[in-house]
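For reference, the structure discussed in these notes is given below.
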Amino acid sequence: MNRVQPPPYDDAAAFAGLSNNARVGSHPHLQPLVGTVQASYAQYVAVNGAPTLVQNPAISDALATFLKGHYADPPADLAHITKMRESSKHLVCPMCGSMHSGTLDHYLPKNGYPIFSVFSKNLIPACNCNSRRGEILFGPNPGERVLHPYFDNCLGERLVSAHFEDLGAVPKVSLVLLVSNAHANYPAIKFHVDSIVKRSAVVGYVRDRWSKLIRRPSLIVRAFAKNIATEAEVQAILAGERDCLDDLHGGKNNWDSIFLSGLLDPPVTAWIAGRFAVPGRVADSALA
Ligand SMILES: [Zn+2]
């Protein structure tokens with residue numbers, strides 16, 4: 001999960017260009033739609049993409065098919081869609097927080113909201129959590145919905161942490177929310193974490209990081225190459241490491257920061273400090 005800047009493209013102009021492009025077979029069919037599409041794009045932004053507020057004008061099946069085709073294989077006027085697909089592959093997935101993206105996800109699914117099929121601010125770089133999400137948008141209870149990485153500022157807050165129990169070589173790993181149910185966006189945050197983040201591979205990733213930490217601590221935190229004297233020092237090193245990871249990945253809910261947040265849970269920090277303090281411990285040897 002990450003709050004990211006909306007793409008800078010002028011979608012209204014791009015759509016007008018597409019409708020006037022004689023080399024695109026659909027262009028005569030798109031021309032009557034230009035005013036509706038441009039007004040819909042502006043309204044979408046005006047309500048910050050909130051799915052309960054976005055107006056969704058019906059378009060014919062034929063037009064919907066044209067637009068989905070242009071999304072799948074963008075003509076020159078929509079070249080920015082190809083650029084969006086290519087340019088974000090190495091970045092954290094704004095939807096689930098994994099360490100890569102690689103595809104685009106329609107925030108408002110293109111089947112239910114075909115008018116937004118090629119709207120850049122409805123296209124979110126995402127990893128394969130995209131296909132697991134499918135067309136999920138709302139939950140059954142009030143306020144439950146998927147968060148929008150271009151508009152939901154709460155994605156910039158620290159929302160989720162790994163949680164370790166039965167500390168040792170193979171602990172029990174789960175995810176916990178770091179916000180209380182008094183948070184204004186709590187239903188949406190919980191729904192997003194439950195329906196997208198928890199269904200991703202994040203727990204497997206965290207488990208893998210933990211096993212590397214246990215095997216050789218400096219693989220995860222360079223400063224752990226030597227024995228750390230106090231619990232306060234372990235805590236400060238982990239906090240500094242997480243701060244760097246937040247900065248590196250542009251947010252606090254990438255999988256590496258989620259892992260570090262789990263290590264900063266006081267019982268976990270204390271356990272790590274206890275392992276460093278075992279008499280005769282060889283520096284950077286296995287913790288368990
Ligand atoms: Zn993802």
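Note that ligands are numbered from 1 as they come in the structure, with each ligand's atoms numbered from 1 the same way. Index from 1, following the sequence.
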Ring-plane angle category for Tyr41 and Phe119, please: parallel below 30°, perpendicular beyond 60°, tilted otherwise.
parallel
Check Tyr150 against Pro7 and note the closest heavy-atom contact, atom names and distance.
CZ-CD, 3.3 Å
Could you check whether the rings of Phe151 and His148 sit parallel, tilted or perpendicular, using 30° and 60° as the cut-offs?
perpendicular
Crowded around Arg281 CZ? As in, over 12 foreign heavy atoms under 6.0 Å?
yes
Has Lys172 got more than 12 heavy atoms of other residues, nucleotides or ligands less than 6.0 Å from its NZ?
no
Side-chain donor-acceptor contact under 3.5 Å, Ser200 with Arg132
no
Only protein N/O/S atoms count here: give how many lie under 2.8 Å from the Zn ion (ligand 1).
4
